[in-house]
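All ligand and atom numbering here is 1-based and tracks the order in the structure.
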Amino acid sequence: MTYGFETLAIHAGQEPEPRTGAVVTPIFQTSTYAQDAVGAPRLGYEYSRSGNPTRDALQEALAALEGGRTGLAFASGLAAEDTLLRTVCQPGDHVVIPDDAYGGTYRLFAKVAQRWGLDFTPAKVSDTDAVRAAVEPGRTKIVWIETPTNPLLGIADIAALAQVAHDAGALLVVDNTFASPYLQQPIVHGADVVVHSTTKYVGGHSDVVGGALIAADAGLGAELAFHQNAMGAVNGPFDAWLTLRGIKTLGVRMDRHCDNAERIARYLDGHKAVAQVIYPGLPEHPGHEVAAKQMRRFGGMISFRAAGGEQQAVDICNRAKLFVLAESLGGVESLIEHPGRMTHASAAGSPLEVPADLVRLSVGIETADDLLADLEQALG
Ligand SMILES: *Cc1c(COP(=O)(O)O)cnc(C)c1O
């Protein structure tokens with residue numbers, strides 16, 4: 001019997017606790033575990049960096065939702081990324097990354113991994129040929145993509161890029177943070193590892209920071225698990241519990257995020273204060289067909305360019321009331337931001353610089369009419 005997504009979200013890894021029957025996985029807020037005899041831990045648990053039942057429940061749920069063999073939960077998305085890089089790569093190796101990668105991911109490569117000897121090339125991941133041209137067979141260990149990308153919502157063809165990576169002997173890594181496993185399961189399309197900032201849609205309530213790796217293959221999963229313990233950037237029991245609580249409603253939340261985003265994208269599309277709406281659900285989006293092939297729906301993120309330029313974009317962000325002016329994304333509340341001066345300010349002057357007139361929305365699950373009314377007054 002194979003279960004559907006929403007059933008797995010509520011039950012995978014989350015059987016009633018055996019001793020008390022607690023229906024909800026408890027927060028095992030403990031660092032260590034009593035052993036029955038020397039070298040005989042009761043259920044295999046010895047120390048919570050190496051293993052913790054609350055984290056294990058989250059890890060099993062993540063693996064099930066992404067259709068992978070091994071799920072691992074980390075202190076943050078960047079901690080997950082760092083662990084992955086240092087498991088797979090050695091100094092001298094090469095990685096292809098998106099030319100509009102999440103800013104923190106770019107910083108990890110440019111300011112940390114490069115100093116440690118890792119070489120990388122930014123490529124436009126919505127252009128499969130550009131990624132192929134950036135790959136160096138024999139030296140490239142990872143083709144790393146995000147889809148949709150942040151904040152320009154470019155769409156990468158996961159299946160085509162899996163082929164490009166595998167032809168060169170590299171792994172395809174997909175940062176699936178923007179889509180969530182409800183909308184897109186990269187492993188089904190040939191990805192080797194999925195990365196999440198569970199801080200975003202997976203947790204979904206803007207109340208916890210966390211990250212995850214899901215490996216398609218159990219062998220790579222075991223190597224990643226070794227490094228999770230050896231490097232130590234684990235997700236804590238309370239954070240794992242909050243993330244699991246969020247996961248139970250991931251499917252229903254994502255459907256509402258998509259409903260609201262579709263309405264807002266259509267509204268913005270006709271507005272005179274808006275020069276361009278960037279949303280993969282719009283037929284004119286250049287990645288629309290690929291998105292329709294690999295995603296269930298088109299997500300809750302919308303970017304748009306203000307017709308009046310940078311100052312107008314900033315004014316719109318400042319005037320919004322219900323849309324909270326804040327970084328981050330993927331929570332139940334709607335957020336608005338100016339990428340050029342906020343999330344992507346550090347990319348100024350780099351290949352990752354974003355247009356100055358860009359506004360990014362993380363559309364929440366509030367009443368759609370209220371969100372539209374707020375945008376109407378903010379657009380002026
Ligand atoms: C937020 C984010 C990250 C980093 O995750 P943290 O939990 O903040 O460390 C990585 N990738 C994407 C796409 C993100 O949005």
His196 touching ligand 1 at heavy-atom level, < 4.0 angstrom: no
Short side-chain donor-acceptor distance under 3.5 Å, Glu146 and Thr177: no
Polar side chain donor-acceptor pair, Asp255 to Tyr182, under 3.5 angstrom: yes
Polar proximity ligand 1 side, Leu78 side, N/O cut 3.5 Å exclusive: yes
Element-labelled atoms of ligand 1 that are located less than 4.0 Å from some non-hydrogen atom of Asp175: 10 (C), 11 (N), 12 (C), 13 (C)
Short side-chain to backbone donor-acceptor contact, Asp93 and Gln90, under 3.5 Å: yes
Any donor-acceptor N or O pair under 3.5 Å, side chains Tyr33, Ser48: yes
Output field: ring centroids Trp144/Phe120 closer than 6.0 Å: no
Pairwise distance CD(Gln184) to NZ(Lys293) - rounded to 0.5 angstrom: 11.0 Å
Taking atom 6 (P) of ligand 1 as the reference point, the nearest protein heavy atom with its distance: Gly77 N, 3.4 Å
Which of the ligand 1 atoms, numbered from 1, are nearer than 4.0 Å to a heavy atom of Glu81: 10 (C), 11 (N)
Test of proximity, Ser197 against ligand 1: N or O pairs below 3.5 Å: yes
Thr199 neighbourhood, listing ligand 1 atoms whose heavy-atom distance to it stays under 4.0 Å: 7 (O)
Nitrogen or oxygen atoms of Glu146 and ligand 1 under 3.5 Å apart: no
His344 and Asp100: side chain donor to acceptor below 3.5 Å: no
Phe178, any N or O under 3.5 Å of ligand 1 N or O: no
Tyr201-Asn176 side chain donor-acceptor pair, cut-off 3.5 Å: no
Gly210 near ligand 1 by a heavy-atom separation under 4.0 Å: yes
Heavy atom of the protein closest to atom 1 (C) of ligand 1 (residue, atom name, distance): Lys200 NZ, 1.4 Å
For atom 4 (C) of ligand 1, the protein heavy atom that lies nearest, with its residue and separation: Tyr102 CE2, 3.4 Å
